[in-house]
There are 2 protein chains.
Amino acid sequence: MKPRKDTPYLDLFQIIGLKLKKKADESIKELGLNAQQGKIIGYIYENQETELIQRDLADRFHLRGASITSMLQGLEQRGFIERKIPANNERQKNIYVLPKAVELIEDFNDSFQKVEDEIVQVLSEEEKQTLKELLIKINERL
Amino acid sequence: MKPRKDTPYLDLFQIIGLKLKKKADESIKELGLNAQQGKIIGYIYENQETELIQRDLADRFHLRGASITSMLQGLEQRGFIERKIPANNERQKNIYVLPKAVELIEDFNDSFQKVEDEIVQVLSEEEKQTLKELLIKINERL
DNA sequence: TATTGACAGTTAGTTATCTAACAGTTATAC
DNA sequence: GTATAACTGTTAGATAACTAACTGTCAATA
């Protein structure tokens, strides 16, 4: 007598993911960026000395190359980042943040930290640790 | 010396959510529907005796009314569902699945179950139980 | 070394979501 | 009872993701 339909993990992950996206978007809306753009700018900032290319962003954020192209074109036109073709490989583009973006990084890291805190506010230290381990284990196999 | 930027829970939930969405979409692609459409048809099927309206779907799936309108228009045009204005309230529309959709429900419930199993395959029974409790607790407060 | 395949990025077109403004219906309050 | 507010759904327009087809570059190999 197995249940005909019951996918609590799938449903919970979908709903929590959606709620977090909306919260994160809302929290940095006033900066004129959405959460994805904020996360990407932060990641570029931390990795721009490593000859970061668009491919790396696609891998890290699980997006398609075309989506990265489109997003970076937008950020470049608005003066947040720049892309330079490196001398040693003309099919790549290295990515760098510009001052206009650097100024905002602390702000949206604070905002993201607040959302982060909201997630785990109801958990004990031990529960937080357990959850993190379980999430990492799941993510590795997915 | 607090870490300048560290949001592992936010990041893990976003990535896992994205991976699950892609897996679920892929798993029922051959039926000509995406995961969200499948989930919604399943939900309508289980609740159509309760005078289900679009507002209910928006609440359950955390989508805007406009998104529900657009999605249901598509499903209605393709003959999966129908919407009827009830006699007692002309501003609402009750929603019902049509045979063409009912035929598919078992298929995509099986597909969703496979994705569900993938999520927890690496966890022990005890870990599964713990995870479910933590996710429910988080979702309630978010 | 010339060909072929893999790789990095772009473009065009599609889709699902969103917000804002709106129409019509029902409920509330004076 | 009428005016106003709240509710339900729709439309129009924007955005961010996708796939498929493409250009150009680099690497492997025969």
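Letters go in sequence order (proteins before strands), and every chain restarts at 1.
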Return the minimal non-hydrogen interatomic distance between Leu33(B) and Ile41(B), and the atom names on each side.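 Scanning both residues, the minimum pair turns out to be CD1-CD1, 3.9 Å.
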Residues from residues 69-90 of chain B lying under 4.0 Å of DNA chain D - heavy atoms: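 Contacting residues: Thr69(B), Gln73(B), Arg83(B).
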Range on DNA chain D touched by chain B, heavy atoms, distance below 4.0 Å: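 Here the contact window of chain B covers dA6(D) to dC18(D).
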Under the side chain to side chain contact (heavy atoms under 4.5 Å, CB included) rule, what do Phe13(A) and Leu135(A) come out as? Steps first, then yes or no, please. CA-CA 11 Å; Phe13(A) 274 115; Leu135(A) 292 179; 3.7 Å; yes
Presence of donor-acceptor pair under 3.5 Å, side chain of Arg64(B) and base of dC18(C):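 Side chain to base: no pair below 3.5 Å.
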Suppose we screen for side-chain contact (heavy atoms from CB on, under 4.5 Å). Which residues come up paired with Arg91(A), at least two apart in sequence or across chains?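 Per chain and number, Arg91(A) pairs via side-chain contact (heavy atoms from CB on, under 4.5 Å) with Asn89(A).
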With sequence neighbours excluded, what pairs up with Lys128(A) under the side-chain contact (heavy atoms from CB on, under 4.5 Å) test?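 By the side-chain contact (heavy atoms from CB on, under 4.5 Å) rule, Lys128(A) matches Val120(A), Leu123(A), Glu125(A), Tyr9(B).
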[X] [atom1] - [N] [atom2] separation (whole Å):
| X | N | atom1 | atom2 | value |
| --- | --- | --- | --- | --- |
| Ile68(A) | dT10(C) | CD1 | P | 11 Å |
| Leu57(A) | dA8(C) | CG | C1' | 13 Å |
| Arg91(A) | dG9(C) | CZ | P | 9 Å |

With nearest nucleotide decided by heavy atoms, which residue, Leu63(B) or Asp56(A), maps closer to the 5′ end of DNA chain C?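 Upstream on the strand: Asp56(A).
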Does a side-chain N or O of Ser67(B) approach OP1 or OP2 of dC18(C) to a distance below 4.0 Å, or not?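 It does, given that an N or O in the side chain of Ser67(B) lies less than 4.0 Å from OP1 or OP2 of dC18(C).
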One pair to check against side chain to side chain contact (heavy atoms under 4.5 Å, CB included): Ile15(A) and Lys19(A). What are the steps and the verdict? CA-CA 6 Å; Ile15(A) 289 174; Lys19(A) 286 186 182 176; 3.8 Å; yes
Just jot down the side chain to side chain donor-acceptor pair (under 3.5 Å) partners of Gln77(A), sequence neighbours excluded, or say none.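 Scan of Gln77(A) (side chain to side chain donor-acceptor pair (under 3.5 Å), adjacent residues dropped) gives none.
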Counting distance only, does the side-chain N/O of Lys100(B) pair as donor-acceptor with the main-chain N or O of Arg78(B) below 3.5 Å?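 Present.
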If you round to the nearest 0.5 Å, how far is CG of Leu20(B) from CD1 of Ile119(B)?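 Going from the CD1 atom of Ile119(B) to the CG atom of Leu20(B) covers 4.5 Å.
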Salt bridge or not for Asp25(B) and Lys29(B), using N-O below 4.0 Å?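 A salt bridge is absent here (no side-chain N lies under 4.0 Å from a carboxylate O).
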Using a strict cut-off of less than 4.0 Å between a Lys/Arg side-chain nitrogen and an Asp/Glu carboxylate oxygen, indicate whether Asp110(A) and Lys114(A) qualify as a salt bridge.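 No.
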Please list, in numerical order, the residues of residues 11-40 of chain B that have a heavy atom closer than 4.0 Å to any atom of DNA chain C.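 Contacts with DNA chain C under 4.0 Å: Asn34(B), Gln36(B), Gln37(B).
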Crowded around Lys21(B) NZ? As in, over 12 foreign heavy atoms under 6.0 Å?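 Check fails, neighbour count at 12 or below.
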